[in-house]
Structures are given as structure tokens and as C-alpha cells.
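Worksheet for the structure shown next.
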Protein chains: 2
Amino acid sequence: MDLHSIKVACTSCNLRELCLPMGLAPPEMEQLDHLITNRRRVRRGAALFAAGDPFTSLYAVRSGFFKTSVTTADGRDQVTGFQMAGEILGLDGIVQDKHACSAIALEDAEVCVLPFDKLEQLSREFSALQHHVHRIMSREIVRDQGVMLLLGSMRAEERLAAFLLNLVQRLHARGFSKSEMVLRMTREEIGSYLGMKLETVSRTFSRFQEDGIIEVKQRYVRILDPNALNALVNHAHTGGTDRVD
Amino acid sequence: MDLHSIKVACTSCNLRELCLPMGLAPPEMEQLDHLITNRRRVRRGAALFAAGDPFTSLYAVRSGFFKTSVTTADGRDQVTGFQMAGEILGLDGIVQDKHACSAIALEDAEVCVLPFDKLEQLSREFSALQHHVHRIMSREIVRDQGVMLLLGSMRAEERLAAFLLNLVQRLHARGFSKSEMVLRMTREEIGSYLGMKLETVSRTFSRFQEDGIIEVKQRYVRILDPNALNALVNHAHTGGTDRVD
DNA sequence: CGGAACATTGAGAGGGATCAATGGACGTGG
DNA sequence: CCACGTCCATTGATCCCTCTCAATGTTCCG
């Protein structure tokens, strides 16, 4: 059976509480269903879109896992995020009518295609949808600020701790374990995201394991002491006056 | 005379080509004028808004200079951007109905207040305005990705070079010199933005000066060799094959 | 079974942080 | 107008976290 004929409407989608229709009333959600006529499958390693591609649509991840990355002229690239089910890709393309980053599937994935002109049209009719689109873009801006904080002011241990906590929290919101996960990305991709080299990522994983904070076996990670991870993220390490007041 | 009574409409504002009304047709711009009934002055050192403040409006910088920063529980903070005339502040507040970062004036400033509910209402009527709001948010997302690239994959010299080029380019777009500027922020604020310590910022400035790339005297900076700065930003420094072709 | 991709670990080097002192710029008040 | 304090910038010396280079181990798949 053709994938595109599998009708999974927003109204009946199990991601509706996380995804674009979040908080919308039934009539608005039905309108969204009309907008999403098209689904797209992306194989592991393939690009949903690449930097420079013309922008036409946003994408809602239905299943699978993505990374987004930007590349400089001289070939360096920086992973700017990892996206899982219910998250929206492609917001970077609006301003220039072409994508500023690339989105690569880290495992076989499926996305709902949201033609942006139609989405704008519908947002003009439904103020709840309009506001929701604004919230999604604002959320991305706030997320980016968090990454800047991480990259600009944290040391390697803190970065990796924050990364693991963020990841497991998002997975937990999707019904997965609160303490276990299988990473979909390589050490190098984690390192690129966190602004450190893959060896440093690996070493930091090992140190966490030695300290009994996590259990790591390649891509598998289990958080044994979430408080220790939280402490790493939330406490400054300058001066030694680690007061918790 | 009261500041608020000084009517400077978008239609006659000298920033209209850079600011929110950019590219809008005259009738839409007039509608914007009705929306912006209120101006606000912010003294040097004062906050336009602080993290946690309830979100009501976006702000368009009319004059002056701002920094935005986020703060962690343990008191570390990270400057996430510097904003000058024509740039929009406050997009971070939409998602949670409260601001996620603080905006501090680095010199006496004046902003146009854009009540967000009214802006949403107006964008439902005018699709050009609607799209423009989306472009502004997308632009911020793309800018943030650039900062991540800078923080995640550049060394100190490259960061400062990119910073200076970005700043002078934005100033030039506002009619200032292409090669000279007076920095409105301290070394510490630059350092926070670029993820380095103030001493490193200062040392890097000095090195650039020794190399004849720039001339620095405290806050005054003159770019003597823009190509050298560009080369720093665009060429990888791994392997030692620093060809300048 | 062999190869490719990925992860781990070690040794050594270096870039930026840290600690510390000095020097300018600017504003305020005598 | 100068003295003084404050804030900011510069510069030096030293340390250490992370990078780099390199070798080995593991997993997966043709």
C-alpha cells in the first residue's frame, strides 16, 4: 500500500498533544488535516532538505530522528539540533525562501509535509493556529538561546549532562523511559552539537560511568543518578563556593 | 514635550527599510502606524524587559543599543545578542507568555512598542505583514544558528573576527562607516557573547592590532585589513595548509 | 570472515582560563 | 581644576581542560 494513502489525520494522531495541533480545538484540527495531504519518508542518512534548497514547507516529524546542521564555506559544520517525533523542522527556511541548514535523518523517518503558504492562509482564518505557529517559532528561539548558554558558558561535563537530561526528558514526554535511552547519533555528532571533539565526548561518558552517574555501552545510556547530572548543570564551578541557596 | 506625543510614523521613519515595515505597501504601513501608539525610552543600564517578565509586546529599536542575555539558576549568564536600530526584541516571550531573556540598554535608547495581540490581529488581515512577522522570527532562528556555529566550532580569533565583521556590517547598513566603530559593550560582554573570558578578548584585540589587522583604542575600533578578518572566519585552521586562494 | 564505521583509551601539546597587577578613562565632589 | 574612586582595559605568569595524534577495540553488515 502506498504510504501517502495511509490517512493518519491530526485528529487521530497519537502525537497531537506534542505536535502542531497541540491545544487546538477540534474544528481547527480538522482544517489542519486538510492541509496535511502529503507525507514523506526519509531513509536513514538521507536529507529531508539541504542548505540552499528552496523553502516550501515545514515538516512535522512523525517518526524517526533527525539532526540539523549548518556548514561554513571551509567545510566545518555544526549540528544545531536533534529532532524527534512531534517536533517541527524547516523554520530556518522562511526568511530567505531557502533552507539555511540541512536536516538529515539519523534513522528511517517519516514526516508530515506542511505547505507553508497554506499554513499561513489557514493561520489567517484561525487565530489559535496563528498563535500556535508563533509559539512554535518562539520556542525554537528560546531553545537556541539555551544552546548558546550551553556552548558559551559550560564545560564539557556540564554540556554532556545537560544534553543527556534534555534528551531523556523529551523521550520521556513521548512515553519512553525516564532513565534509559539508545542514542541515535554518533559521538562525533554529539560533539559537534556540544562544541567538543568526539574523543572528549567519549571520555566524558566514561568518566560519568566511573563516577556511577550513568551506565554506558556504546549507544545505550542509562541514567543512574539524575541528581548528579542536574547538579552538574546547575552549579557553578568557579571559586568553590557552591552554595545551594 | 512628552516623548509619547512625538509622532514618528512608520511611514516617515528613516528606519522603515530595515525595521518591521520593510517591504510593506503603503496601506499596510499605515495600519502599522495605528498599532504603534506607544514609544518607550530606556536609560543606559536599564532593562527593557527582564527574564520572567510577562510578555505583552515586541519592541523595535528606534535608537540606542541593547544586549540580550539569559541567566542560569547559579548566576552564570550568557549574552545572546546585541541589537541596534531597526532590530526587533522580545520574540523569546511568545512561547511562555513571559520573557526568557533580559534586554538591557547599553546606551540610552528608544523603542517602538508593538502590542503582540494587536500585531497578530493585523497580520490576520494583511498577509504581507503576516509573512513579514514570520520572516523576522525565522531570521532570528537563522542568526542563532550562526551564533551556535561560532560558539561550537571557532577559535577565539575567528570568533572575534566574525563578531567585528558582523557588527561593522550592520552599522554600515545603517549609514555608519564601513571600517570604524565605537563599541557599545564592554570586553566582558563581548566575551560572554563569544564564549570567552574578557582577558582573552582583550588579548585577541591586541594581537589583531600587532598584526596590523585593526586599530584599537579602548572602545574605538578601526578595521585596517578586512580581508584578513574574512580570512580568519572563512578558512579552517586544521592541518596547517592555510592557503589563501 | 573481513572490512568499514564507530567507540574507547592513552600520551602529549596547546589555547584559553585563571590569578594578579597595572594603567586609562570618566565622573563626582572638594 | 585637581584629587579621588570606580569601572574598564591591558598585560604577564601559570595552570589545566580540551584538542590532537595515535593505537586498539567493538559492532555491524556484506
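As the structure is a computational prediction, the values presented were derived from the model and not from experiment.
Across the protein-nucleic acid pair, Glu199(A) atom CD and dT9(C) atom P stand 13 Å apart, rounded to whole Å. Atoms CG (Leu151(B)) and C1' (dG15(C)) sit 16 Å apart, rounded to a whole Å. For the pair Arg187(B) CZ and dG23(C) P, the interatomic distance rounds to 19 Å; values are reported in whole Å. Atoms CZ (Arg159(A)) and P (dC19(D)) sit 8 Å apart, rounded to a whole Å. For the pair Gln209(A) CD and dA7(C) P, the computed distance is 15 Å after rounding to whole Å. Protein atom CE of Met154(B) is 13 Å distant from nucleotide atom P of dG16(C), rounded to whole Å. In this entry the distance linking CZ of Arg207(B) with P of dT10(D) reads 13 Å, nearest Å. With rounding to whole Å, Leu106(B) atom CG is found 14 Å from dC8(D) atom C1'.
Counting only heavy atoms from C-beta on, Ala156(B) has its side chain closest to dG16(C) among dG16(C), dT8(C), dT9(C). Of all nucleotides listed (dA9(D), dT18(D), dC6(C)), dT18(D) comes nearest to the side chain of Arg155(A). For Arg219(B), the listed nucleotide lying nearest its side chain is dC8(D); candidates were dT11(D), dT8(C), dC8(D).
Between the two ends of the helix from dC1(C)-dG30(D) to dG30(C)-dC1(D), each summarised by a five-pair axis, the helix axis turns through 30° (rounded to 10 degrees).
For Arg174(A) and Glu87(A), the salt-bridge test passes: some basic side-chain N is under 4.0 Å from an acidic carboxylate O. Electrostatic pairing of Arg44(A) and Glu107(A) does not count as a salt bridge here, judged by no charged N lying under 4.0 Å from a carboxylate O.
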Apply the test side chain to side chain contact (heavy atoms under 4.5 Å, CB included) to residues Thr72(B) and Asn234(A): give CA-CA distance (whole Å), side-chain angles for both, the deciding distance (0.1 Å), then the verdict. CA-CA 7 Å; Thr72(B) 54; Asn234(A) 293 319; over 6 Å; no
Determine, stepwise, if the pair Arg143(B) / Glu140(B) fulfils side chain to side chain contact (heavy atoms under 4.5 Å, CB included). CA-CA 5 Å; Arg143(B) 188 194 73 84; Glu140(B) 179 64 20; 3.0 Å; yes
Take Arg76(B) and Glu158(A), measure what side chain to side chain contact (heavy atoms under 4.5 Å, CB included) needs, and give me the verdict at the end. CA-CA 13 Å; Arg76(B) 272 180 296 192; Glu158(A) 301 169 317; 3.1 Å; yes
Could you please spell out the steps behind the salt bridge (Lys or Arg N to Asp or Glu O under 4.0 Å) verdict for Asp108(A) and Arg43(A)? CA-CA 4 Å; Asp108(A) 289 356; Arg43(A) 299 220 162 274; 3.6 Å; yes
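For Glu215(B) and Tyr220(B), the side-chain atoms include no donor-acceptor pair closer than 3.5 Å.
When each of Arg203(B) and Met185(B) is assigned the nucleotide of DNA chain D bearing its nearest heavy atom, the one mapping closer to the 5' terminus is Met185(B).
Taken residue by residue, residues 189-196 of chain A places heavy atoms nearer than 4.0 Å to DNA chain D at Gly195(A), Met196(A).
You'll find the ring centres of Phe82(A) and Phe66(A) outside the 6.0 Å limit.
In this view, Phe55(A) and His99(A), Phe116(A) satisfy the ring-ring contact (aromatic ring centres under 6.0 Å, His included) rule, not counting sequence neighbours.
Checking the phosphate oxygens (OP1, OP2) of dT11(D), a side-chain nitrogen or oxygen of Ser206(B) falls inside 4.0 Å. The shortest distance between the side-chain N/O atoms of Thr200(B) and the OP1/OP2 oxygens of dG16(C) is not below 4.0 Å.
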Only pairs under 3.5 Å count here: list side-chain donor-acceptor contacts from residues 199-207 of chain A, not counting sequence neighbours, and write none if there are none.
unit_1	atom_1	unit_2	atom_2	d
Thr204(A)	OG1	Thr200(A)	O	2.6
Ser206(A)	OG	Ser202(A)	O	3.1
Arg207(A)	NH1	Glu157(A)	OE2	2.7

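Judged as a side chain to side chain donor-acceptor pair (under 3.5 Å), the pairs with a partner in residues 45-70 of chain B (not counting sequence neighbours) are, in order, Lys67(B)-Glu189(B), Thr68(B)-Thr80(B), Thr68(B)-Gln83(B).
Glu157(A) contributes no side-chain N or O that forms a donor-acceptor pair with the base of dC17(D) under 3.5 Å.
Summarising the geometry, atom NZ belonging to Lys178(A) is positioned 11.5 Å from atom CD1 belonging to Ile223(A); distances are rounded to the nearest 0.5 Å.
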Base-contact (B) and sugar-phosphate-only (S) positions in nucleotides 24-30 of chain D, heavy-atom cut-off under 4.0 Å, - elsewhere: ---S---
